Engineer: 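I have a structure here, written as structure tokens, and I will follow up with some questions on it.
Here the structure is a predicted model, which is why all the values come from computation and not from measurement. We name chains A, B, ... by the order of the sequence lines, and we start the count at 1 in each one.
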Amino acid sequence: MKIHLQLTSADRSFIPSLKPLLQGHNVGLNDAPIGTITEVEMRATARGAKHIATTNPTLLYKLLRAEYARKKPSLDDYAGSIIERNGYEYLILNPLDHLVTTPTGNFLYKRYFSKFTDQQKWFPVPNFTWEIATPASLGSLYTKFSSASFIAVDIETIKEQLAITCSGYCGVWFDSSNNTIKFHAIVIPCTDEFMLAWIGKFNQLPAPKIMQNGKYDNAYFLRWGIPPVNWTWDTLNLFHCWYSELPKRLDFIASFILRKWEFWKDEADVPIHSEQYYRYNAKDAFTTAIAFLGLMQEMPSWARQNYQQEFPLVFPCLQAELTGLKRNESNFQKLKDQIEEAIASELQLLRSSLGEPNFNPNSPKQVVQLWKVLGSSDISSSDTPARDIVKNRHPINRFVVDRIENIRKNRKLLSSYLKDGLTLHGRILYQLNPSGTDTGRLASAESHYWCGLQIQNIPRDRTDIVYKGIFAADKEFYIGEGDYDQAESRGTAYLSGDTSLIETVNSDKDFHALNASSFFGIPYEKIVDALGDVLDKTLRDLSKRVNHGANYNMAEQVLLNTMGIENVLRARSMLRLPKNWTLLEVCRYLLAVFDKTYPIVRGPWYDKIKVDVITTHMLVGPTGWTRYCFGNPVRNKRDMNRYAAHPPQSLNAMTLNQAWLKVFYEVALPNPKDFKLCAQIHDSILFQYRVGRDDLIRSVHQCMLFDTAVVDTFGTSRILRVPVSMKAEGKTWADVKKVDWLKIAA
DNA sequence: TGGCTCTGCGCC
DNA sequence: AAAGGGCGCAGAGCCA
């Protein structure tokens, strides 16, 4: 096959990276500017090519202009799409720099390129047929769909009243007599109670349901009292379980799985309840159905096993999302007033002392300008490390920077956590997404209902501000929370097989104080006394930071940034390091001390991670959870850092996810009147239990405690059991108290 | 005005 | 040359 590759001049320097992908194929390259489409087709014809691949956005624009005059199409949206014109096939590709700047570029290029060179291996796309259901046709359509093997479902919604505007169904019928698959999509407009009832009836059809991010659709179905049965498949979760590092939007999945596919999301911008609107809905359902079949055909067994672990999580997540937490209105208002007042007075002070009545401390540009005035024109950023440098140069700087920091902190609180529109019916809602991260942690975001907040980054309580007090227990309920103790460090210890670290995490003594003692040669008794009270907080904090830094494979500059100049200076004098050492030298020393204490972690274990990724592209965790890795940890330190952070973070996530499921099935479902599952926050489970049902605290504790066999770098298997500490009896999230009777009674 | 990217920052 | 992992959200600033 002959292919014409129409590039841009910006691609020129990346052509060497492309060459290996073109080997064995007859490809002609051209990077001249685009005049007209005809001109490009003439270039192709000149070399006998009917297939044109392009990275040229102008060409894409010209190809689409007739259909979508509204806005410029984005190359990234259309990457992988095939557009037909005049008997030519156009394959849209991202700019060639993706081959070098993204870990997935090479893989995607190869895959998309095979849409031309290896056409028969692609899943065949059937014809798209669809119709709008009417009261007259619904009866017969219902009969027809009753025999479907699968039904893909997708809804459209509007913000007003959180209403469903229509629901699309794409039936899939397997006919074993002639070995064919039939598809047909319908859209039921949700225009009145009668149609809503029909949507509910279709949702009750027995066929397994396929959705793309069905948690969204189901939030609306549940809101309107028409839940579906047999939701078994979700293309979002399927794809995440296969290639967690790739995008997971339906349009991306479609162009990844299907050869002849053209991005269609630009069609969405049409009037509600118009025919095009319904067509768009039908097409989404159709796409979900065929993407599902393509995924089933192609996904390897390890990815399916991932799915068996991941998909069940959507049910407790959906329940927790719709439960949310009640807001304590008076605490909320009081806090908001307090913060607004603090901002106003600090801002006034700052502006008048600078003599700049319009100065905005949140503007990076203005703050960098201010550095110039203060004689720090070498600092070009206004972020935390930059401010740290500036404020340590002069007491006047410190005064100004302190004001800026106070204002920024409080403004952040106000805009992200004390904003309008947090609640629905007095409750703060959110999403918990099992497909949101590369490691298998849940991600969180604002609710599907266009309100609420991300529940996993709530500000921790400070001496002056107690934010968590705005989350209130329901009437006759208490808030409780179960936390894994030092989960990631335990994971690092068992996964690496560093026996010193294993000994440290398993000790009854304080983890960070033990570290401080081994790192700096100070007797443990001088850091923590016999009662467990901390005597040397500074030293303990220092070892905490060093441990944290080393675990994430920090370089010394970054350790300096996170520790701050003052802390590093303090470390230098406290540890009696040479006075002529620079801050960076001190940081280098601190990281070296970690390596000396725990030589296996950043030594043989990291080597093992590199070998695994380079030779297999896989990181397989103790639960079997497998991450496909596109990056190269040998050539690229960023990739190395990601893959070094993955095993402990993922193991911790898997542990928590299993506990989350257990709590759902063994505590929440059997006790619907007395227990509410609220959220998962990376190493904790937040819940509510009815006053008097202290036994449920113990039940959660039991669900969270379990054993995992972990094999280390050298093949030794050990049983890891992460201890759990329980907090409970909170009238708000801020006043949960440590539960101390669990151990005694157990 | 709306949409986009960049910067900054909250949590574990 | 320099390189901290995993997230999501808001404001600033710029462009059309």
Side-chain angles (χ1 to χ4, degrees), chain A residues 70-72 74 76-77 244-245 269 360-368 380-387 404-405 407-422 430-447 452-462 465 467-468 481 483-489 491-492 545-563 584 587 591 602 609 627 631 633 635-653 656 679-684 686:
Chain A
R70 289 181 302 279
K71 58 171 188 182
K72 258 208 147 121
S74 120
D76 190 48
D77 280 346
S244 64
E245 296 182 10
D269 190 16
N360 179 359
N362 282 71
S363 158
K365 218 178 151 193
Q366 291 183 33
V367 172
V368 170
S380 58
S381 159
S382 76
D383 62 8
T384 313
R387 293 195 307 269
I404 292 174
E405 294 191 331
I407 294 166
R408 282 194 177 183
K409 259 204 155 43
N410 285 333
R411 278 189 175 169
K412 172 85 175 174
L413 207 60
L414 206 55
S415 63
S416 295
Y417 303 101
L418 296 166
K419 61 184 177 182
D420 296 335
L422 277 191
Y430 36 83
Q431 293 177 48
L432 294 166
N433 296 323
S435 56
T437 72
D438 291 353
T439 58
R441 273 184 174 180
L442 301 190
S444 175
E446 292 172 359
S447 164
L453 36 69
Q454 213 277 46
I455 195 66
Q456 293 176 327
N457 69 351
I458 300 303
R460 15 172 2 147
D461 293 341
R462 314 198 307 243
I465 291 160
Y467 182 77
K468 285 182 178 169
E481 189 168 9
D483 276 82
Y484 283 116
D485 295 335
Q486 296 297 340
E488 279 200 33
S489 286
T492 302
R545 289 164 194 275
V546 170
N547 175 60
H548 192 250
N551 275 332
Y552 288 129
N553 202 21
M554 279 182 196
E556 52 261 26
Q557 178 64 57
V558 184
L559 184 65
L560 171 57
N561 290 348
T562 49
M563 284 183 63
L584 284 178
C587 290
L591 291 168
R602 304 215 291 179
I609 291 171
R627 171 172 176 179
R635 279 211 300 265
N636 184 321
K637 185 168 190 293
R638 299 200 74 138
D639 288 342
M640 181 61 222
N641 291 341
R642 291 156 66 206
Y643 298 136
H646 174 87
Q649 189 177 118
S650 182
L651 172 57
N652 179 29
L656 189 60
Q680 192 194 92
I681 300 141
H682 304 314
D683 60 10
S684 77
L686 188 70

Engineer: From CG of A:Asp383 over to C1' of B:dC6, roughly how many Å is that when rounded to an integer?
Structural biologist: 12 Å

Engineer: By side-chain hydrogen bond (donor to acceptor under 3.5 Å, both in side chains), which residues pair with A:Gln557, not counting sequence neighbours?
Structural biologist: A:Asn561

Engineer: Roughly how far apart are A:Asp483 CG and A:Leu656 CG, rounded to 0.5 Å?
Structural biologist: 9.5 Å

Engineer: At a heavy-atom distance below 4.0 Å, which nucleotide of DNA chain C is the first touched by chain A, and which is the last?
Structural biologist: C:dA3 to C:dC14

Engineer: Working to the nearest 0.5 Å, report the span between OH of A:Tyr467 and CG of A:Leu413.
Structural biologist: 7.0 Å

Engineer: Looking at CG of A:Asn652 and OH of A:Tyr484, how far apart are the two atoms once the value is rounded to the nearest 0.5 Å?
Structural biologist: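 That separation rounds to 8.0 Å.
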
Engineer: For nucleotides B:dG8 and C:dA3, find the distance between their P atoms and express it as a whole number of Å.
Structural biologist: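 Those two atoms are separated by 16 Å.
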
Engineer: Between residues 410-422 of chain A and DNA chain B, which residues have a heavy-atom gap below 4.0 Å?
Structural biologist: A:Lys412, A:Tyr417

Engineer: Could you list the residues that satisfy side-chain hydrogen bond (donor to acceptor under 3.5 Å, both in side chains) with A:Ser382, not counting sequence neighbours?
Structural biologist: A:Arg408

Engineer: Within this structure, what is the CG-to-P distance between A:Asn561 and B:dG8, rounded to whole angstrom?
Structural biologist: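 Taking CG of A:Asn561 and P of B:dG8, I get 13 Å after rounding.
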
Engineer: Whole angstroms only, please: what is the CD-P distance between A:Gln649 and B:dC12?
Structural biologist: 13 Å

Engineer: With a 4.0 Å limit, can you tell me whether A:Ser444 has a side-chain N or O closer than that to the phosphate oxygens OP1/OP2 of B:dC11?
Structural biologist: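 Checking B:dC11 against A:Ser444, no side-chain N or O comes under 4.0 Å of OP1 or OP2.
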
Engineer: For B:dG10, does OP1 or OP2 lie under 4.0 Å from any side-chain N or O of A:Arg408?
Structural biologist: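 It does not, given that no N or O in the side chain of A:Arg408 lies less than 4.0 Å from OP1 or OP2 of B:dG10.
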
Engineer: Have a look at A:His646 and say if it touches a base, only the backbone sugar-phosphate, or nothing, with a 4.0 Å heavy-atom cut-off.
Structural biologist: nothing

Engineer: For A:Arg462, does the CZ atom have more than 12 heavy-atom neighbours from other residues, nucleotides or ligands under 6.0 Å away?
Structural biologist: yes

Engineer: Students often get this wrong, so: under 4.0 angstrom with heavy atoms, is A:Arg387 touching a base, only sugar-phosphate, or nothing?
Structural biologist: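 Sugar-phosphate contact only.
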
Engineer: For the pair made of CD in A:Gln456 and P in B:dG10, what is the distance, rounded to whole Å?
Structural biologist: 17 Å

Engineer: In whole angstrom, what separates A:Ile404's CD1 from B:dG8's P?
Structural biologist: 12 Å

Engineer: Test of understanding: with side-chain hydrogen bond (donor to acceptor under 3.5 Å, both in side chains), list the residues that count as partners of A:Glu446, not counting sequence neighbours.
Structural biologist: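 Checked A:Glu446 against side-chain hydrogen bond (donor to acceptor under 3.5 Å, both in side chains); matches are A:Lys419.
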
Engineer: Specify the separation, in whole Å, of atom CD1 of A:Ile407 and atom P of B:dC9.
Structural biologist: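 Taking atom P of B:dC9 as the reference, CD1 of A:Ile407 is at 13 Å.
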
Engineer: Mind checking A:Asp438 for me? I need base, sugar-phosphate or nothing, with any heavy atom below 4.0 Å counting as a touch.
Structural biologist: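 Answer is sugar-phosphate: A:Asp438 comes under 4.0 Å of backbone atoms only.
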
Engineer: Looking for any heavy atom pair under 4.0 Å, which part of the strands does A:Arg642 touch: base, sugar-phosphate only, or nothing?
Structural biologist: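 Sugar-phosphate only.
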
Engineer: Name the residue closer to the 5' end of DNA chain C, choosing between A:Asn360 and A:Ser244 according to the nucleotide with the nearest heavy atom.
Structural biologist: A:Ser244

Engineer: Nearest whole Å is fine: how far is B:dC11 P from A:Gln680 CD?
Structural biologist: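 For the pair A:Gln680 CD and B:dC11 P, the rounded distance is 19 Å.
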
Engineer: Just by distance, no angles: are the side chains of A:Asn360 and A:Arg411 close enough, under 3.5 Å, to form a donor-acceptor pair?
Structural biologist: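 Per modelled atom types, A:Asn360 and A:Arg411 side chains form a pair under 3.5 Å.
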
Engineer: How would you label the contact of A:Gly436 with the nucleic acid (heavy atoms, under 4.0 Å): base, sugar-phosphate, or nothing?
Structural biologist: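 Answer is sugar-phosphate: A:Gly436 comes under 4.0 Å of backbone atoms only.
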
Engineer: Please give, in whole Å, the distance from B:dG10 P to A:His682 NE2?
Structural biologist: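 Rounded to the whole Å, the gap is 15 Å.
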
Engineer: Any side-chain donor-acceptor pair under 3.5 Å between A:Ser435 and A:Asn433?
Structural biologist: no

Engineer: When we call it a touch if two heavy atoms are under 4.0 Å apart, what does A:Glu488 touch: a base, just sugar-phosphate, or nothing?
Structural biologist: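 No contact at all - A:Glu488 keeps every heavy atom at 4.0 Å or more from the nucleic acid.
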
Engineer: Under the side-chain hydrogen bond (donor to acceptor under 3.5 Å, both in side chains) test, which residues partner A:Asp438, sequence neighbours left out?
Structural biologist: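 For A:Asp438 there are no side-chain hydrogen bond (donor to acceptor under 3.5 Å, both in side chains) partners, ignoring immediate neighbours.
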
Engineer: Looking across every strand, which nucleic acid part, if any, lies under 4.0 Å from A:Asn636 by heavy atom: base, sugar-phosphate, or nothing?
Structural biologist: nothing

Engineer: So does A:Lys409 get a side-chain nitrogen or oxygen closer than 4.0 Å to the phosphate oxygens (OP1/OP2) of B:dC9?
Structural biologist: no

